[in-house]
Amino acid sequence: MNAEFPETPEAVARHYDFITPFYEIVGSRSLHYGYWPRGETGGSFGEAQQRFTDLLIHQLGSQQGQRVLDVGCGLGEPATRLARSTGCKVEGITISPSQAAQAEQWARLHDPSGQTKFHCADAMALPFPDGSFDAAWAVESMFHMPDHAKVLREVARVLRPGGRLLVADLVLSAEVTPREQSFLQHAFVARAFLTAETYPKLMSDAGFDVEQVLDVSANVMATFDAVAAAIQEKEAEVRRVYGDAFLSGVKDQWARISQSASRCMGYLVLTAKRRSR
Ligand code: SAH
């Protein structure tokens, strides 16, 4: 899925500019996993993605009038859904200029009340004053970041004391060989994956009191089968946009990613509160 290494922020931006139409074809304008209640599978991938966004909105617990930062906002669909369902104001940042422009366009259509704004910015140098947000979330963006600790410190800086942070992220959940780790990092354009053991400490060191670590691995892993089925179903459209070589490559690559990720990757939703300074 990815043609570049090492995973600099610029490489991440180029990756998304290339791959976004693919994810829009097989899923929705949300660039994250789907969620299935225990024991359930099936249904469309796009629906499962929206179900996951709704769970994250619930976990974040933001309220009307609050100001929320979306760290790694993608195409703006999760931020717009958050703003519409809670009445909070959301500012999203992404490392990709074209994503920021697309998110603005999306918001103009789906958030007519103007509760959302999007910017191109690096999460490791947030362009916002200290204590200017009530809450923040980072949904499947942390694994791309070259320096997790720096991002968490930046988010702590721009949150008011007591402000909430939600992080939804892929983690390593089993021993991996260096070869497999490098394959996964390359495939996900990830600088590094944390583990369930290291994440809470990193958040605590950055100034957060961790409230909950929710392991949703079993609820999101059907994403791999759902995307494979969607590739099959939307084959003609993927071929039209990307050509034959991409289509056969993506099928093989997806099968390899699925096998490896199902064996050694998990998924956590962490919620935390910004400690007083
Ligand atoms: N949260 C969105 C998008 C997830 S994709 C959704 O759920 O749909 C990962 C996002 O992280 C992309 O928008 C990418 O541009 C962003 N990202 C990755 N590295 C970043 C960085 N250093 N600074 C800001 N955004 C970054």
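Whatever order the structure lists ligands and atoms in, that order sets their numbers, starting from 1. Keep in mind that this is a model prediction, so the values were computed, not measured.
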> Is the Phe22 to Tyr16 ring centre distance short of 6.0 Å?
Replying inline: no
>> Within the 4.0 Å heavy-atom shell around Gly74, which atoms of ligand 1 are there?
In response: 2 (C), 3 (C), 13 (O)
>> For the 3.5 Å polar cut-off, considering only N or O atoms, please tell me whether Thr94 and ligand 1 meet it.
In response: yes
>> Looking at ligand 1, would Ala121 count as a contact under a 4.0 Å heavy-atom criterion?
In response: yes
>> If I compare all heavy atoms of Trp36 with all of Gly42, which pair ends up nearest, and what's the gap?
In response: NE1-O, 2.7 Å
>> Give me the residue, atom name and distance of the protein heavy atom closest to atom 12 (C) of ligand 1.
In response: Gln99 OE1, 3.5 Å
> If we only count N/O pairs under 3.5 Å, is Val139 in contact with ligand 1?
Replying inline: yes
>> Could you check, using the six-membered ring where one of them is a Trp, whether Tyr33 and Phe52 have ring centers closer than 6.0 angstrom?
In response: no
>> Can you name the atoms of ligand 1, numbered from 1 with element, that are less than 4.0 Å from a heavy atom of Glu140?
In response: 4 (C), 5 (S), 9 (C)
>> Measuring from atom CG of Leu75 to atom CZ of Phe118, what distance do you get when rounded to the nearest 0.5 angstrom?
In response: 9.5 Å
> What is the nearest protein non-hydrogen atom to atom 23 (N) of ligand 1, stated with its residue, atom name and distance?
Replying inline: Ala123 N, 2.9 Å
>> Checking Thr86 against Gln64: is there a side-chain donor and acceptor pair closer than 3.5 Å?
In response: no
>> Students should be able to answer this: which protein heavy-atom is nearest to atom 5 (S) of ligand 1, and at what distance?
In response: Tyr16 OH, 3.2 Å
>> Quick check on contacts: which atoms of ligand 1 are under 4.0 angstrom from a heavy atom of Pro78?
In response: 6 (C), 7 (O), 8 (O)
>> Less than 6.0 angstrom from the centroid, inside 45 degrees of the normal: does Arg256 satisfy that with respect to the ring of Phe183?
In response: yes
>> Please compare Gly72, Ser141, Ser98, Ser96 and report which has the shortest non-hydrogen distance to atom 2 (C) of ligand 1.
In response: Gly72
> Are the aromatic ring centres of Phe128 and His119 under 6.0 angstrom apart?
Replying inline: yes
>> Could you report the tightest heavy-atom contact between Arg51 and Tyr35, atom names first, then the distance?
In response: NE-O, 2.8 Å
> Which is it for Cys73 and ligand 1 at heavy atoms under 4.0 Å: side chain, backbone, both or neither?
Replying inline: backbone
>> Quick check: Tyr23 with Phe45 (ring centres under 6.0 Å apart)?
In response: no
>> With a 4.0 Å cut-off on N to O distance, would you call Lys201 and Asp205 a salt bridge?
In response: yes
> Closest non-hydrogen protein atom to atom 25 (N) of ligand 1, residue and atom name please, with distance?
Replying inline: Ile95 N, 3.3 Å
>> Among all protein heavy atoms in this structure, tell me which lies nearest to atom 7 (O) of ligand 1, with the distance rounded to 0.1 Å.
In response: His32 CD2, 2.8 Å
> Which residue owns the protein heavy atom closest to atom 8 (O) of ligand 1, what's the atom, and how far is it?
Replying inline: Leu31 N, 2.7 Å
> Where is the nearest protein heavy atom to atom 21 (C) of ligand 1: which residue, which atom, and how far?
Replying inline: Met145 SD, 3.6 Å
>> Taking a cutoff of less than 4.0 Å between a non-hydrogen atom of the residue and any ligand atom, is Ser30 in contact with ligand 1?
In response: yes
>> Taking the basic N atoms (NZ, or NE/NH1/NH2) and the acidic carboxylate oxygens, is any pair closer than 4.0 Å for Asp134 and Arg67?
In response: no
> How far is atom 22 (N) of ligand 1 from its nearest protein heavy atom, and which residue and atom name does that atom have?
Replying inline: Asp122 OD1, 3.1 Å
